[in-house]
Amino acid sequence: MPATPPPRDASLSTDIAELEHHNALESTEHTRVDAVPAWKWAVFVVALAFALFHILTSPLFEGSLPARQQGPFHVSLAVALIFLLYPAKPRTSLRRQRMGTGLVVAGVLIVAALLAQGIAGMHIVAPALLVIVLTQVARHLPLRLGGVPVGDVAMAALSVLVGYYVFANYETILRTAGILDPANIAVGTAGLLLILVAAQRVLGPALVVLASLMLAYAYYGPVLPGFLGHSGHSLDRIVNVSFFTDEAVFGTPVRVSATVIFLFLVFAAILQRTGMERFFTDAALGATGWSRGGTAKVGVATSAFSGTITGSSVANTVSNGAFTIPMMKKSGYSPNYAGAVEASSSTGGQIAPPIMGAGAFIMMEITGIPYAEILKAAIIPAVLFFVAQFVVIHFDARRLGIGGIPKPMLPSVRQIMAAKGYLLVPIVAIFILLSMGFSPGFAAMASISIAIGINVLVQLLHPLVVAVSPGTGLVAAPRPSTSRARGALSLLGWTSVTVAGAATLHWLVGALLPDLSSLLRMAVVALVLGVLVAVLAQVVARKRGFAPDSDAAEPLPVAMRQSWRLIVPFGVVLTAMWLVDLSVDAALPDLSRAWSIVVTSFLLALVVTPLVALFAGWGRASDEKLSVASLADGLVGATRIALPIVVACAAAGILAGMITLTGLGHKLADGLIGLGGGYLIPVLALSMLACLILGIGLPTTANYVVTATLAAPAIVVLLQGDLPDATVAMILSAHLFVFYFGVMADITPPVCLAAYAACGISGGDPIRTGGHAVRIAVSGFVVPFLFVISPELLLQDVNWGQGILAMVSSLAGVFFLGIAVVGFLHERISWAERAALGAAGLMLVHYGVFTDVTGLAIGLIVMSLHARGIRKAAGAMSERPTVPEQAGPAS
């Protein structure tokens, strides 16, 4: 007899609990699971050293190394970790096995032909054959070292050796940049091939194929027809440019990844370990879960937050979708629609400030525009993207008759904000620091310090909280009895008090410590304010009878003992780190700064790792309270999330380098303008198609690097017109345009990678899921065209009044546009009404007083006529005479 399925409410409760405890940073796919513990600890040490190196070379410590040293360490160690963590993908079918064998044979024959024809010498052929052999050994040879194939261990070691060569000889390489040294070319050949093999394991074949084609294009230029032809370059020169200049592998993408992106990933990891992900999930559940289509709205909100951390729409879809998609299906959504909601919202996470995946940081370097300006420009389009999703989901839920989650099952937003609102302090701090003009690296490190400091100090002050307000045990949180208006006024009041307190603290710290830099002053203010708010929130929450955390029932002696269990591990680890630093300076006084940082990073990792294992059981019951173990685990988690980004940046650098070397960028930009007839809209449409086609297999980072070189210059030329120089607004419009459509490629059929990932969970059809995702994310396909035409949407060249008007009118526009896409208001609307609402929406999103007034008038008229028609139909139904019931036959 089959088991009785659990009740719907019980099943939803389980899903909600799993979503609340979900960790986006720990969701890594296709990683090795069969390694012995010794290898796992070895990988932990290397990953921790990788993270410590980037922290030590951050602006708050030693500062970054020369690009020719920072980049090689960053890439070589990341590639080595990929070989140790990601196994070669098995070829399950006979067709795949034959294809793989054919590719290997073709590779060997090509290398042999290059040697036989004198095109390549042994300094290229030997390392190429070595990498090919090791790749096949890793896949087919059963010999393993502790569960890791010997070929993978060899390739990891070779990656480290390549990085060591470039790191140690960077000054010589710089001095002899134009000399094609055979030793350099051999190392460069091995490095390029190792990067491509690592990219294939983590990202798939598309980027590898495109990079290989670009390398071949650089050589075969003389035999190509038309505008594609060029003078051609020798293999030695191609390898030299690709691996030993600032234009390719170690160019802008890797430089930004090594100095900025990784610090933001550490920031995200620390936020997750201090409870930010749980806080945001609970807030999303409480704020949207009860409304129509609540499960889908929760999926949008949580995926937006996770997506901006992971920087990968596919990874985020798989990670979050494992929990949100089943919830949506249980509430009544079809598998295709549930997968589409998760895919589109996960994709949108990459355009949401402050992290925006990795593209925004690379955009900062390519354009030279400050990061604060890029964030400001991204605010309105990101808000429109998610508001449009909410509108489409809401009216789809009306059309389908799907309700929300019962309120008793959801957390209270007011109580979440009261008890855990202090977690927002680091995020607020990073926005303020960026707006004040501090570099992204400074802002990230300061916010990391603030987040750690608040969490640790709150734990240390926990005995004081318990003494002031003894806990009575875990009590169910009371439901709020006040109205929403009163709650909003209360929140506004507390926000005003907090802002006033921050201003007072800033003045006080400035008066007491006048020599403190503005950055440190801001950090001290944020830290003190966060601790005060957190302690006060815990005291008030405990006195009102609900628990702000799972330690609410601790008596005072237990709380004091827990504080000591925090102080001792941190004290031991900090003392050990200080002794390591002193020992390196004393034992190796003549060591260069670069090697000193490398040695210190690895020694710190070797010393800290056993201490982490020793104190692993000393953490508190709550996962949201940092310990030595969770902090180290967060750094390692940031490293694991960074690996795909690092290898994508390195492979994208190969593309950018070859485009620059061959002059292809200028040729294609001119060709794009010619195809578009010199008109802006056709060129935008062609650029969109190029981004979507490249996005078939390229990750967003690589897609943006390529399109920023090929398509963005053409858009800037057309916007510039006869002006002597392009403005910041023009450059931002062009680059954000190609960046947005690079992101949207992940949900655009036929090869919609995020939709395919979602279907692996939902069981839906990928093409239909992709179609639904495009429909839900309609704003992402419309707004980029409009902000190129109306840069006011990017808050460029506007005052406060114009910025507010642009925001309000565009929000009204996406509201009308969403209704037009769904075709449902209170009931189905006609095609004529949908067309009118769509036109009204486009006019409102396009900035301008005339278009705004006209669009608003059209939208309101259509909606009022629709409502009037419904009332008329309802009146006619009520006036219809009732047919008397006929009597039955006489008995």
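The analysis underlying the following values was restricted to heavy atoms, covering all of them including side chains, and did not include hydrogens, waters or symmetry mates.
Looking at Ser76 and Val160, their side chains never come closer than 4.5 Å, going by heavy atoms from C-beta outward. Taking 4.5 Å as the limit, some side-chain heavy atom of Asp746 sits within range of a side-chain heavy atom of Gln350. In this structure, Met363 and Ile369 have side chains that are not in contact, with every pair of non-hydrogen atoms separated by 4.5 Å or more. A 4.5 Å side-chain heavy-atom check between Pro381 and Leu794 finds at least one atom pair inside the cut-off. In this structure the side chain of Phe250 never reaches within 4.5 angstrom of the side chain of Thr245, judged on heavy atoms. Between Leu265 and Thr639 the shortest side-chain heavy-atom distance does not fall below 4.5 Å. Ile82 places none of its side-chain heavy atoms less than 4.5 Å from the side chain of Ser159. Side-chain contact between Ile681 and Leu684: present, with at least one pair of heavy atoms (C-beta onward) separated by less than 4.5 Å.
Results of the side-chain contact (heavy atoms from CB on, under 4.5 Å) test with Ser242 over Asn240, Ile238, Val239 single out Ile238 as the only residue that passes. Tested against Leu732, the residues Thr727, Thr367, Ile374, Val716 include a single side-chain contact (heavy atoms from CB on, under 4.5 Å) partner, Ile374.
A distance below 6.0 Å separates the ring centres of Phe50 and His74. Aromatic rings of Phe785 and Phe741 (six-membered ring for Trp) have centroids within the 6.0 Å cut-off, being under it. Note: Tyr164 and Trp595 meet the aromatic proximity criterion, with ring centroids under 6.0 Å apart.
Thr176 places no side-chain N or O within 3.5 Å of a backbone atom of Ile179 that could act as its donor or acceptor partner. With hydrogens and angles ignored, the 3.5 Å screen pairs a side-chain donor or acceptor of Gln720 with a backbone N or O of Pro724. In terms of modelled atom types and a separation under 3.5 Å, the side chain of Gln796 and the main chain of Pro791 share no donor-acceptor contact. Proximity of a side-chain donor or acceptor of Ser257 to a complementary backbone N or O of Pro253 within less than 3.5 Å is not detected. Proximity of a side-chain donor or acceptor of Asn184 to a complementary backbone N or O of Phe244 within less than 3.5 Å is not detected.
Applying the side-chain hydrogen bond (donor to acceptor under 3.5 Å, both in side chains) rule to Glu247 yields no partners; only residues at least two apart in sequence or on another chain are considered. Taking His123 as the reference, Asp236 meet the side-chain hydrogen bond (donor to acceptor under 3.5 Å, both in side chains) condition, with sequence neighbours excluded. Remark: Asp181 pairs with no residue by the salt bridge (Lys or Arg N to Asp or Glu O under 4.0 Å) rule, at least two apart or across chains. Taking Arg237 as the reference, nothing meets the salt bridge (Lys or Arg N to Asp or Glu O under 4.0 Å) condition, with sequence neighbours excluded. Residues that satisfy the side-chain hydrogen bond (donor to acceptor under 3.5 Å, both in side chains) test with His735, not counting sequence neighbours, are Tyr704. With sequence neighbours excluded, the residues forming a side-chain hydrogen bond (donor to acceptor under 3.5 Å, both in side chains) with Asp152 are Arg32, Arg201, listed by chain and number.
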Next on the checklist: Quick one, Tyr740 with Phe781, criterion ring-ring contact (aromatic ring centres under 6.0 Å, His included). Give me CA distance, side-chain angles, the key distance, then yes/no.
Outcome noted: CA-CA 8 Å; Tyr740 266 57; Phe781 294 89; over 10 Å; no
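Nearest heavy-atom pair across Phe737 and Ser687 is CE2-CB, 4.0 Å. Of all heavy-atom pairs spanning Ala138 and Met155, the tightest one is CB-CE, 4.1 Å.
Separating the NZ atom in Lys667 from the CD1 atom in Ile659 is a distance of 12.0 Å, to the nearest 0.5 Å.
Taking the six-membered ring for Trp and thresholds of 30 and 60 degrees, Tyr217 and His230 have ring planes more than 60 degrees apart, a perpendicular arrangement. Using the six-membered ring where Trp is involved, Phe361 and Tyr371 have ring planes that are parallel, under 30° apart on the 30 and 60° scheme.
No side-chain N or O of Gln70 forms a donor-acceptor pair with one of Thr259 less than 3.5 Å apart.
Salt bridge absent: Asp246 and Arg255 never bring a charged side-chain N and a carboxylate O closer than 4.0 Å.
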